[in-house]
There are 2 protein chains.
Amino acid sequence: MKHKSIKPTGAELNILRVLWDQGTQTVRQVHSILNPNNESGYTTTLKIMQIMTEKGLLERDSSQRSHIYSAILREEDTQKKLLDTLVDTAFGGSAMKLVVQALGSNSASKDEISQIRNMLDQMEKEKS
Amino acid sequence: MKHKSIKPTGAELNILRVLWDQGTQTVRQVHSILNPNNESGYTTTLKIMQIMTEKGLLERDSSQRSHIYSAILREEDTQKKLLDTLVDTAFGGSAMKLVVQALGSNSASKDEISQIRNMLDQMEKEKS
DNA sequence: ACTTAACTACGACATGCTTCGTAGTACGAC
DNA sequence: GTCGTACTACGAAGCATGTCGTAGTTAAGT
């Protein structure tokens with residue numbers, strides 16, 4: 001089995017980001033958030049969201065004149081999939097190299113650091 | 001200012017991976033490694049490597065009949081750039097969410113775990 | 001009723017990526 | 001030298017993505 005591999009494109013991810021953060025939205029709302037200065041046209045956003053619906057990335061309620069869209073993909077699942085792809089293509093399969101890189105070039109809060117420590121403890125425990 | 005943002009495509013990353021791991025290589029060598037069963041043709045690999053050279057991703061020594069290619073991009077730089085992109089597009093800008101995800105769905109060796117711990121220590125130290 | 005505004009649907013195009021076939025060229029074996 | 005092999009160069013085609021324009025429809029205001 002195996003679901004067809006879901007790999008949102010850049011534009012699709014932007015839209016998913018809005019839906020994940022804001023919940024269900026109309027095309028107009030999504031477009032206003034992503035293009036406050038009309039960098040690209042309304043019908044562009046519309047078209048992409050229509051295609052995403054065909055692809056099974058979004059679902060919509062079309063009972064109203066303005067259709068209302070929501071994400072089908074869960075944020076974490078999508079992130080995991082993209083992460084796996086990046087690990088394979090750019091990090092030669094080593095997720096830990098990726099972690100080290102990410103830690104090295106970004107800053108973390110105290111809470112985040114202790115969260116990560118806890119995860120490491122957990123991983124070590126499972127190792128024995 | 002800023003160098004033009006270098007974002008290798010999937011096929012390009014495969015080639016870079018070989019060059020990073022193996023050092024300088026001919027097209028034939030790269031192609032044999034990536035397509036042991038001839039999934040795609042030799043001229044495909046050739047063409048992509050030629051284009052990469054035009055783009056400034058590779059350089060080549062063409063003094064021999066078989067040109068010898070090497071990567072211009074450093075592995076770490078490329079990884080960092082792709083990581084940043086992924087953090088922006090898929091993780092809403094939070095590198096630590098990415099780290100947590102990556103740790104959660106992958107396993108690390110003892111050495112890696114302690115390397116990560118050391119990095120966390122370092123980060124905490126710098127925080128005070 | 002008419003007009004305007006906002007929406008959906010859809011075709012078309014530009015661009016970039018990947019693929020391949022073909023042509024030309026150099027090398028080596030014989 | 002001739003032939004076959006391996007190489008480069010390059011044009012062209014298929015596909016996906018992102019872009020937009022236009023047409024058609026619905027709703028609402030006057």
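Nothing here was measured: the structure is a model prediction, and the numbers come from that model. Below, chains carry the letters A, B, ... as their sequence lines are ordered, and counting in each starts from 1.
With rounding to whole Å, A:Met49 atom CE is found 17 Å from C:dC10 atom P. If you take CG of A:Leu46 and P of D:dT19, they are 13 Å apart, rounded to a whole angstrom. What separates NE2 of A:His31 from P of C:dA6 is a distance of 14 Å, to the nearest Å. The distance between atom CD of B:Glu39 and atom P of C:dT18, rounded to the nearest whole Å, is 15 Å. If you take CD1 of A:Ile51 and P of D:dT19, they are 11 Å apart, rounded to a whole angstrom. A:His67 has its NE2 atom 14 Å from the P atom of D:dT25, to the nearest Å. When the C1' atom of D:dT8 is taken as reference, atom CD of B:Gln64 falls 15 Å away, rounded to whole Å. One atom, CE of B:Met52, and another, P of C:dT19, lie 13 Å apart when rounded to the nearest Å.
Contact between the side-chain N/O atoms of B:Gln50 and the OP1/OP2 oxygens of D:dA9 is found at a separation under 4.0 Å. Listed pair B:Thr26 / D:dC7 fails the phosphate criterion, with no side-chain N or O lying under 4.0 Å from OP1 or OP2. Between B:Arg28 and the phosphate of D:dC7, there is a side-chain N or O to OP1/OP2 separation shorter than 4.0 Å. OP1 or OP2 of D:dT8 has not a single side-chain nitrogen or oxygen of B:Ser62 nearer than 4.0 Å. In this structure, B:Arg60 reaches the D:dA9 phosphate: one of its side-chain N or O atoms is under 4.0 Å from OP1 or OP2.
Listed nucleotides D:dT17, C:dT18, D:dA9 differ in distance to A:Lys55; the shortest reach to its side chain belongs to D:dT17.
The distance from the CG atom of B:Leu16 to the OG1 atom of A:Thr89 is 10.5 Å, given to the nearest 0.5 Å.
Across all strands shown, B:Ser40 has heavy atoms under 4.0 Å from sugar-phosphate atoms exclusively, and none from any base. Residue A:Ser66 is in sugar-phosphate contact alone, with no base atom involved, counting any heavy-atom pair closer than 4.0 Å across all strands shown.
One finds a salt bridge joining B:Asp121 and A:Arg117 here, because a Lys/Arg side-chain nitrogen approaches an Asp/Glu carboxylate oxygen to under 4.0 Å.
Taking for each of A:Thr44 and B:Thr43 the nucleotide of DNA chain D with the nearest heavy atom, the 5'-most of the two is the partner of B:Thr43. Annotation: of the two residues near DNA chain C, A:Arg65 and B:Tyr42, the 5′-most nearest-nucleotide partner is A:Arg65.
Side-chain atoms of A:Lys47 stay outside donor-acceptor range of the base of D:dG21, with no qualifying N/O pair under 3.5 Å.
Panel note: side chain B:His31, backbone B:Ser40; a donor-acceptor pair is recorded below 3.5 Å. A donor-acceptor pair under 3.5 Å is absent between the side-chain atoms of A:Gln79 and the main chain of B:Leu98, judged by distance alone.
Counting heavy atoms from C-beta on, the side chains of B:Trp20 and B:Glu76 never come closer than 4.5 Å.
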